[in-house]
2 protein chains.
Amino acid sequence: MSKDRTKIFKALSDLNRLRILKMLQTKPLCVCEITEILQLATSTVSKHLSILKEESFIIEQKEGKWVNYSINPRPSDQRVSSVLNMLDFWIDDDKLIIGDKQKVTGVDRNEICSR
Amino acid sequence: MSKDRTKIFKALSDLNRLRILKMLQTKPLCVCEITEILQLATSTVSKHLSILKEESFIIEQKEGKWVNYSINPRPSDQRVSSVLNMLDFWIDDDKLIIGDKQKVTGVDRNEICSR
DNA sequence: TTTATATTTCGTCGATTGACGAAATGAAAT
DNA sequence: ATTTCATTTCGTCAATCGACGAAATATAAA
């Protein structure tokens, strides 16, 4: 139960974690879908998700063999909800982020996973 | 002119930099005053200030041999102003931050510096 | 129960960060 | 012009971070 005031900002200090948050704004995703879009090792993506979950930016819901992650709809920490609100209109002009969002809408977990 | 989306959050990802921002909410300070309160090497404080200035959280004004730093009253980046507004009511319950603010009000640069 | 698939945990490694002191810079006082 | 004091820049070092693959875990399918 550390009171590390910087953790919330550290969670946002990585481009791949920001990409994940922006993707989840479009719709909930499982680990393998995010892995496919970011082109990182599964273990790396899982770690990023655990950091975002630790700071309550996202929540997880198990669905069979998949774990779905989504933006936390009701964060208890006001700082978290403020930042999430900001993210709605931040970095929407970024090529990378736009590309990610397009991939998100076209993604099918049954095709992408299990290779 | 890099487009590093994470820089703004990296600037806030250090406790000493958050302490500096919270102190500057009380009043403008020079490097040696901040150094005295944080109990760090001058070069370290100078580096922290340059990072905060780089992201437009703070501005500098030269006054003789001193360099005064203060919260940027009119940030052009909306993310910066949003975060600065948030900081007004964030972490005000922290012992460390409260202690810093008390020291700030009692500090005299003519006594503290030049030793 | 065995097999397959999705995810997490663990150990390692190179890159980045934050600390320092020493040296360089800039401006005021002598 | 020289000295003094505040600040910045530079090089170094230990600690942290983000990447990976391998191994462990969990659940679904066979």
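Basis for what follows: all heavy atoms, side chains included, without hydrogens, waters or symmetry-related copies. Letters go in sequence order (proteins before strands), and every chain restarts at 1.
- For the pair B:Lys65 NZ and C:dA28 P, the computed distance is 10 Å after rounding to whole Å.
- For C:dT8, one of the phosphate oxygens OP1 or OP2 lies less than 4.0 angstrom from a side-chain nitrogen or oxygen of A:Tyr69.
- Listed by first then second residue, pairs satisfying disulfide bond (SG atoms under 2.5 Å apart) with a partner in residues 33-82 of chain A number zero, not counting sequence neighbours.
- In this structure, the CG atom of B:Leu29 is 15 Å from the C1' atom of D:dT7, given to the nearest Å.
- Taking atom CD of residue A:Glu111 and atom P of nucleotide C:dA6, one finds them 13 Å apart after rounding to whole Å.
- Identified under the ring-ring contact (aromatic ring centres under 6.0 Å, His included) test for residues 30-62 of chain A, with sequence neighbours left out: none.
- In this structure, B:Ile34 atom CD1 and C:dA19 atom C1' are separated by 17 Å, rounded to whole Å.
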Taking only nitrogen or oxygen atoms into account, show me every contact under 3.5 Å that the protein makes with nucleotides 20-22 of chain D, one pair per line with its distance.
{"residue": "D:dC20", "atom": "OP2", "partner": "A:Ala41", "partner atom": "N", "Å": "2.8"}
{"residue": "D:dC20", "atom": "OP2", "partner": "A:Thr44", "partner atom": "OG1", "Å": "2.9"}
{"residue": "D:dG21", "atom": "N7", "partner": "A:Ser43", "partner atom": "OG", "Å": "3.3"}
{"residue": "D:dG21", "atom": "O6", "partner": "A:Ser43", "partner atom": "OG", "Å": "2.9"}

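- One can place CD of B:Glu63 at 12 Å from C1' of D:dA6, the figure rounded to the nearest angstrom.
- With sequence neighbours excluded, the residues satisfying ring-ring contact (aromatic ring centres under 6.0 Å, His included) with A:Phe9 are B:Trp90.
- Atom CH2 of B:Trp66 is separated from atom C1' of C:dA28 by 10 Å (rounded to the nearest Å).
- Between the side chains of A:Glu60 and A:Asn68, no donor-acceptor pair of N or O atoms lies under 3.5 Å.
- Within a heavy-atom distance below 4.0 Å of DNA chain C, the residues of residues 48-62 of chain B found are B:His48.
- Applying the disulfide bond (SG atoms under 2.5 Å apart) test to pairs two or more places apart or on separate chains, none has a residue in residues 65-109 of chain B.
- Residues forming a side-chain hydrogen bond (donor to acceptor under 3.5 Å, both in side chains) with A:Lys103 (at least two apart in sequence, or on another chain): none.
- Listed by first then second residue, pairs satisfying disulfide bond (SG atoms under 2.5 Å apart) with a partner in residues 44-91 of chain A number zero, not counting sequence neighbours.
- In this structure, A:Leu15 shares a hydrophobic cluster with A:Leu96, the cluster being traced through Ile, Leu, Val, Met, Phe, Trp and Tyr side chains under 4.5 angstrom apart.
- Between the side chains of A:Thr6 and B:Ser13, no donor N or O sits under 3.5 Å from an acceptor N or O.
- Of the residues in residues 10-18 of chain A, those placing a heavy atom less than 4.0 Å from an atom of DNA chain D are A:Lys10, A:Asp14, A:Asn16, A:Arg17, in numerical order.
- Between the CD atom of B:Glu36 and the C1' atom of D:dA6 there is a distance of 14 Å, given to the nearest Å.
- Sorted by first and then second residue, the ring-ring contact (aromatic ring centres under 6.0 Å, His included) pairs involving residues 64-85 of chain B (not counting sequence neighbours) form an empty list.
- Sorted by first and then second residue, the disulfide bond (SG atoms under 2.5 Å apart) pairs with a member in residues 16-91 of chain B read B:Cys32-B:Cys113; sequence neighbours excluded.
- Computed from coordinates, the A:Arg109 CZ to D:dT27 C1' distance equals 14 Å when rounded to whole Å.
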